[in-house]
Amino acid sequence: MMKSDPAETAAPQTRREEQELIRRVKRRDPAAMRQLIDLHKERLFAFVWRMVRNHHDAEEVCQDAFLKAFAALDTFDPTYRFSTWLFTIAYRVTLNVMRRRRGTATDIDLGLFADSGAGVEEQAVNSEEARRLKQSVWSAVDRLSPPQRAAVLLFYQQEQSCQDIAAVLDIPVATVKSHLHRARARLKEWLEPTWAEESNPGRIPRDLAG
Amino acid sequence: MDCSQAKSLFNAFLDGELNGSLAAEFATHKLQCASCRRELALLEVMGHVLSTDTVVPELNADFTDRLMACALEPARPQRLWRRRVLYIGGPLAAAACVLLALSVFRGVPVKPETEITPQVLPFEERMDSPEAMLRQVEKARETHPESRELAALEDALRQRVAHIASGTEEGTKLLENFGKMTIMEILDSIQLDRPQEQQDAQPAANTSGVEHVPPADSL
Ligand SMILES: [Zn+2]
């Protein structure tokens, strides 16, 4: 009955459902562990991959984060959402991975940019101009410092509140905001030339205007 | 409201924190000012891309299975695995040493020993399953494709993984025993070359709880 349909796994659980699930995971109930993993793995992977930009590293970080979460589940404070806690652990592991590989050449997944923009149908609709804008936005994001990038990803991609982001990054809310604001300023600065080149003033590519 | 006042409110506007009369004034300025409109539009398009372009590569289909296999390893006695420094000679002579810190995570994140390089094998990993170890070795081989030792280690681990996956009684036993084996023992079992002068190969970073492991034959 608890079959995890990918479309459904993203749906937020109620607090009570989550607490019950956590209780079962603490008892090492395999079905519950599996469910907890399936509920969170995709969002977590999306975040981590955008941080490390390498599939192999991202999977490892996620795996490590889950294992650490399971091992330390007794210290989990159920007044937080499990996802916030999981992201907190994953962020720390991510930073370690990034630190570790600093100075060594690492493959960055670039291929994805080429067809970034989802399904075939959407691609047909996407103008070249919009695609290039997306590409430049993401390469600009790659240039941000890790905390700035994390703040941006959590805010926009994961739609987390500044309070939750503060918990994940383990910094004050005010610092989250300053990361976010600085990131915006830098992104704008980097993107302005692209923008000036690629579109007429005041015109937003149609398929990006929302 | 002038442009500089309006611009100072961009972030509050984008954060959804602009209310009341200030919001009205801001909106009015926006109507009248093409420059602010344009700048804000860029920020908004940026935000739109960031929140809607959610395409990332897919997780491997067996992610959950692999993770469950790691998570459900037979519970071991609360034995704290000690960090160990291990030497691999031959083509890795320049690299001098490999640090493997084996630790079972106990709720406290392990501090990275960033000063210890090269890390042929990352030390912050649980190394108590053959799959986990294999993945690390594979990764290490990417950076050190010339190392025969790593190649041998990879082969040996691959055989073990296959053996375990076979599901035979022997395989199951191997899995159970695996967590009790140290990397050293596994390396011994596949007879890697050992450097002659380990003392010379000591890394400067032999501090902070990292302990040297004597050559395998003296164990
Ligand atoms: Zn203005």
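Protein chains get the first letters and strands the later ones, always in sequence-line order, with residue 1 at the start of each.
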Q: For B:Leu72 and A:Pro30, work out which heavy atoms get closest and say how close.
A: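 Heavy atoms only, the tightest pair is CD1-CB, 4.1 Å.
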Q: Does any heavy atom of chain B fall under 4.5 Å from the side chain of A:Ile37, the backbone, both, or neither of them?
A: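 For A:Ile37, the contact with chain B is made by the side chain alone.
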Q: Output the distance between atom OG1 (B:Thr64) and atom CD (A:Gln63), rounded to the nearest 0.5 Å.
A: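 If I round to the nearest 0.5 Å, the distance is 10.0 Å.
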Q: What residues of residues 10-30 of chain B make heavy-atom contacts with chain A at a cutoff under 4.5 angstrom?
A: B:Asn11, B:Leu14, B:Asp15, B:Glu17
Q: If you look at every heavy atom in B:Asp53 and A:Arg50, which pair is closest and at what distance?
A: O-NH2, 3.8 Å
Q: Please step through side-chain contact (heavy atoms from CB on, under 4.5 Å) for the pair A:His55 and B:Asn60, ending with a clear verdict.
A: CA-CA 9 Å; A:His55 194 278; B:Asn60 276 324; 4.2 Å; yes
Q: How far does CE of B:Met68 sit from CZ of A:Phe66, to the nearest 0.5 angstrom?
A: 11.5 Å
Q: Heavy-atom pairs under 4.5 Å with chain A are the metric here; pick the option from B:Asp65, B:Leu59, B:Leu43 that has the most.
A: B:Leu59
Q: What part of A:Cys162 gets within 4.5 angstrom of chain B, counting heavy atoms only: side chain, backbone, both, or neither?
A: neither
Q: Is there any residue in residues 169-186 of chain A with a non-hydrogen atom under 4.5 Å from a non-hydrogen atom of chain B, and which ones are they?
A: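 Result: A:Lys177, A:Leu180, A:His181, A:Arg184.
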Q: Quick one: do A:Gln157 and B:Ser51 satisfy side-chain contact (heavy atoms from CB on, under 4.5 Å)? Show the steps, please.
A: CA-CA 5 Å; A:Gln157 288 246 297; B:Ser51 31; over 6 Å; no
Q: Could you walk me through whether A:Arg34 and B:Leu67 pass side-chain contact (heavy atoms from CB on, under 4.5 Å), step by step?
A: CA-CA 9 Å; A:Arg34 195 170 271 278; B:Leu67 182 50; over 6 Å; no
Q: Measuring heavy-atom distances to chain A, does B:Glu58 have an atom under 4.5 Å in its side chain, in its backbone, in both, or in neither?
A: backbone
Q: Looking only at non-hydrogen atoms, find the nearest pair between B:Phe63 and A:Cys62 and report the distance.
A: CZ-CB, 3.8 Å
Q: For the pair B:Val49 and A:Trp138, evaluate side-chain contact (heavy atoms from CB on, under 4.5 Å) and give the outcome as yes or no after the intermediate values.
A: CA-CA 9 Å; B:Val49 170; A:Trp138 285 117; 4.0 Å; yes
Q: Can you give me the closest heavy-atom contact between A:Met33 and B:Ala71, atom names plus distance?
A: CE-CB, 3.6 Å
